[in-house]
2 protein chains.
Amino acid sequence: MKADIQEPVAISNPDLEAAYQATKSALSQRRCLILLGDCRVEYQGRARSVLEPGERIVLVKADGAVLVHRPTGGEPVNWQPSGCVFRTTLSEGALVLEAVRRSPVESLVIHFTEVRVLVAAKLVDAGSFSLHVSEKELQMAVLSEPRLLLPDLKPIAYEKKVEPGFIDVYGLDSKNRLVVAELKRVRAGKAAVLQLARYVEEVRSSTPMEVRGILAAPKIARGTQRMLATLGLEFIPIDLEKCARFIVSGRDKKMVEFLK
Amino acid sequence: MKADIQEPVAISNPDLEAAYQATKSALSQRRCLILLGDCRVEYQGRARSVLEPGERIVLVKADGAVLVHRPTGGEPVNWQPSGCVFRTTLSEGALVLEAVRRSPVESLVIHFTEVRVLVAAKLVDAGSFSLHVSEKELQMAVLSEPRLLLPDLKPIAYEKKVEPGFIDVYGLDSKNRLVVAELKRVRAGKAAVLQLARYVEEVRSSTPMEVRGILAAPKIARGTQRMLATLGLEFIPIDLEKCARFIVSGRDKKMVEFLK
DNA sequence: GAGTGGATTTCGCAT
DNA sequence: ATGCGAAGTCCACTC
């Protein structure tokens with residue numbers, strides 16, 4: 001039946017010949033393919049690796065991305081980014097799947113000696129994905145509602161370039177002190193403090209104005225509080241929940257772009 | 001049959017009740033679980049995300065890691081690291097899989113309205129994984145064969161602690177100049193130059209000896225060459241292929257450990 | 001448990 | 001293309 005080609009295929013314990021045919025069919029039709037079984041994996045490219053035989057889950061996606069997953073751990077042990085070219089062969093009692101890509105040249109070769117489950121399916125996925133309160137969105141929220149950071153903050157610029165890097169938020173407070181703020185959406189650590197310190201030092205050396213260095217984050221790592229004080233910087237805790245209410249959309253982002 | 005419990009299970013188009021039972025069974029037995037079907041995903045924790053309905057592949061590993069993969073792209077759209085606690089429910093005509101973890105508190109909720117394929121299997125994977133020519137192995141290769149870096153290098157120490165961090169390779173050349181080398185297995189960028197500069201500055205300030213700062217990498221980023229010259233540092237291109245021939249095994253690593 | 005640094009990081013954005 | 005910084009980074013290792 002022709003319609004079956006579009007239906008998901010799930011085969012338990014196929015022999016290698018059947019797995020080979022199903023794999024070639026799935027790859028040529030750009031369907032997603034899942035192979036579960038005993039395999040050996042070699043990678044050569046930016047680095048080199050060998051994964052000795054064992055049971056893994058191999059996922060080949062519609063765009064040619066490949067993932068080899070062991071039974072544990074969140075990350076694939078081997079992978080290949082999308083856009084691979086495939087070669088499937090049956091040789092010496094093994095199903096060999098080779099995924100090669102250019103730029104950089106790298107190849108992933110998977111030898112299956114046994115396939116326990118094979119799944120092939122054309123997936124339809126048009127659902128939108130939205131991630132909220134990213135660092136960028138936090139920045140936008142603060143720029144559109146500066147009181148989230150300081151009640152009397154007037155932003156002048158954002159991502160202002162200074163020698164060590166970019167100042168997240170740059171502005172003035174009601175006492176005409178320059179405000180140099182570093183925003184972190186997660187707990188601020190030593191690195192954030194040092195980053196801020198470099199910005200503040202640079203700004204202070206370039207103006208006679210008083211400069212406030214502000215580290216704004218949900219919380220601060222233990223022990224870094226003292227470092228902040230030593231460097232004459234301030235920590236301001238921010239409420240991500242509250243900031244989330246002021247996240248600005250793409251269109252509204254343009255409203256603060258003139259600050260740049 | 002009891003033996004079947006250990007065999008991989010692959011079910012096509014199960015109704016939600018069957019999928020629910022199989023999912024609970026797989027999770028309680030800590031088997032790997034693959035669900036392919038139409039789902040909606042919500043994440044809340046360090047950030048927040050919503051993934052509207054569509055067909056995806058959900059992978060739950062034996063250690064409680066969760067991956068939600070769309071039909072394309074190498075990375076999961078949503079995930080949860082290992083060590084999650086699960087709750088599976090059937091509610092309002094949907095199979096709901098909730099994965100929660102502490103520290104940080106975050107939850108991933110997957111609502112399946114349709115399961116097209118379910119696979120559950122206990123995977124046995126004892127195969128070793130070895131990645132060659134890692135930064136560590138490059139370091140070991142250079143320590144065991146210093147001429148890979150300089151024809152006249154005599155290593156004194158490695159990972160030598162100085163204030164800014166650890167010096168990859170520390171030694172002397174035939175003219176009794178101190179050598180401070182920073183190794184990179186990929187193209188060296190500005191960061192590597194600055195890192196090396198800090199080490200060299202520190203060493204120079206602590207000795208009257210002449211100090212050579214050497215950045216060793218397959219190649220160097222455009223524009224950083226000049227920075228190197230300005231800072232009085234050297235760039236030495238290294239051949240990873242050649243280094244690979246001198247990669248030392250775990251046992252041999254002990255041979256250079258006295259340098260530490 | 002938290003802190004540090006590497007990664008076949010990947011990804012996105014600006015140059 | 002390249003460079004630079006962020007990431008729900010993840011991950012391993014140290015303290």
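Naming convention: chains lettered A, B, ... in sequence-line order (proteins, then strands); numbering from 1 in each chain. Worth saying up front: this structure is predicted, and the values here are computed from it rather than measured.
Not one side-chain nitrogen or oxygen of Trp79(A) sits closer than 4.0 Å to the OP1 or OP2 atom of dT8(C). In terms of phosphate contacts, Arg102(B) brings no side-chain nitrogen or oxygen within less than 4.0 Å of OP1 or OP2 of dG1(C).
Within 4.0 Å (heavy atoms only), Arg185(B) reaches sugar-phosphate atoms of the nucleic acid but no base atom. Nucleic acid contact for Gln80(B): base, since at least one base atom lies under 4.0 Å from a heavy atom of the residue. Across all strands, Arg187(B) comes closer than 4.0 Å only to sugar-phosphate atoms, never to a base (heavy-atom distances). Here Pro81(B) lies in heavy-atom contact (under 4.0 Å) with a base. If you check every strand for non-hydrogen atoms under 4.0 Å, Ala221(B) touches sugar and phosphate atoms only.
Distance check on atom P: dT4(C) versus dT8(C) gives 22 Å, rounded to whole Å. The C1' atoms of dG5(D) and dT9(D) are separated by 12 Å, rounded to the nearest whole Å. Nucleotides dC11(C) and dC11(D) are separated by 16 Å at their P atoms, to the nearest Å.
Here dG6(C) is the nucleotide among dT10(C), dG6(C), dG8(D) with the atom lying nearest to any side-chain atom of Glu135(B). Out of dC11(C), dT9(C), dT9(D), the shortest distance to the side chain of Glu75(B) is found at dC11(C). The side chain of Ser49(A) approaches dT8(C) more closely than any other nucleotide in the set dG8(D), dT8(C), dC4(D). The Gln195(A) side chain lies nearest to dA6(D) when the options are dA6(D), dT9(D), dT8(C). Checked against dT8(C), dG8(D), dA6(D), the side chain of Leu131(B) finds its nearest nucleotide in dT8(C).
Ala197(B) approaches Leu231(B) most closely through the heavy-atom pair CB-CD1, 3.9 Å. Among all heavy-atom pairs drawn from Asp125(A) and Glu55(B), the shortest one is CB-O, 3.4 Å. Taking each heavy atom of Cys32(A) and Ala62(A) in turn, the nearest pair found is SG-N, 3.8 Å. Smallest separation of non-hydrogen atoms from Phe129(A) and Arg70(B): CB-NH1, 3.9 Å.
Rounding to whole angstrom units, NZ of residue Lys190(B) and C1' of dG3(D) are separated by 8 Å. Regarding Asp63(A), its CG atom lies at a distance of 14 Å from the C1' atom of dT10(C), rounded to whole Å. The nearest whole Å value for the distance from the CD1 atom in Ile167(B) to the C1' atom in dG5(C) is 16 Å. Atom-to-atom, CG of Leu67(A) to P of dC10(D) comes out at 16 Å; the value is rounded to the nearest Å. Between Asp168(A) atom CG and dA6(D) atom P the separation is 7 Å, expressed in whole Å. The nearest whole Å value for the distance from the CG atom in Leu196(B) to the C1' atom in dG5(C) is 17 Å. Rounded to a whole Å, the NZ atom of Lys184(A) is 14 Å from the C1' atom of dG8(D). What separates CD of Glu159(A) from C1' of dC13(C) is a distance of 9 Å, to the nearest Å.
For dG8(D), the base is stacked against the aromatic ring of Tyr43(B), per a cut-off of 5.5 Å between centres and 30° between planes.
Expressed to the nearest 0.5 Å, how far CG of Leu97(B) lies from CZ of Phe86(B) amounts to 6.0 Å.
Checking Arg101(A) against Lys219(A), the closest nucleotide of DNA chain C that is more toward the 5' end is the one next to Lys219(A). Heavy-atom nearest nucleotides on DNA chain D were determined for Glu106(B) and for Gly74(A), and the one closer to the 5' end corresponds to Glu106(B). Nucleotides of DNA chain D nearest to Val77(B) and Ser103(A) differ in position, and the one nearer the 5' end is that of Ser103(A).
When side chains are defined from C-beta on, Ile238(A) counts as touching Leu138(A), because their heavy atoms get closer than 4.5 Å.
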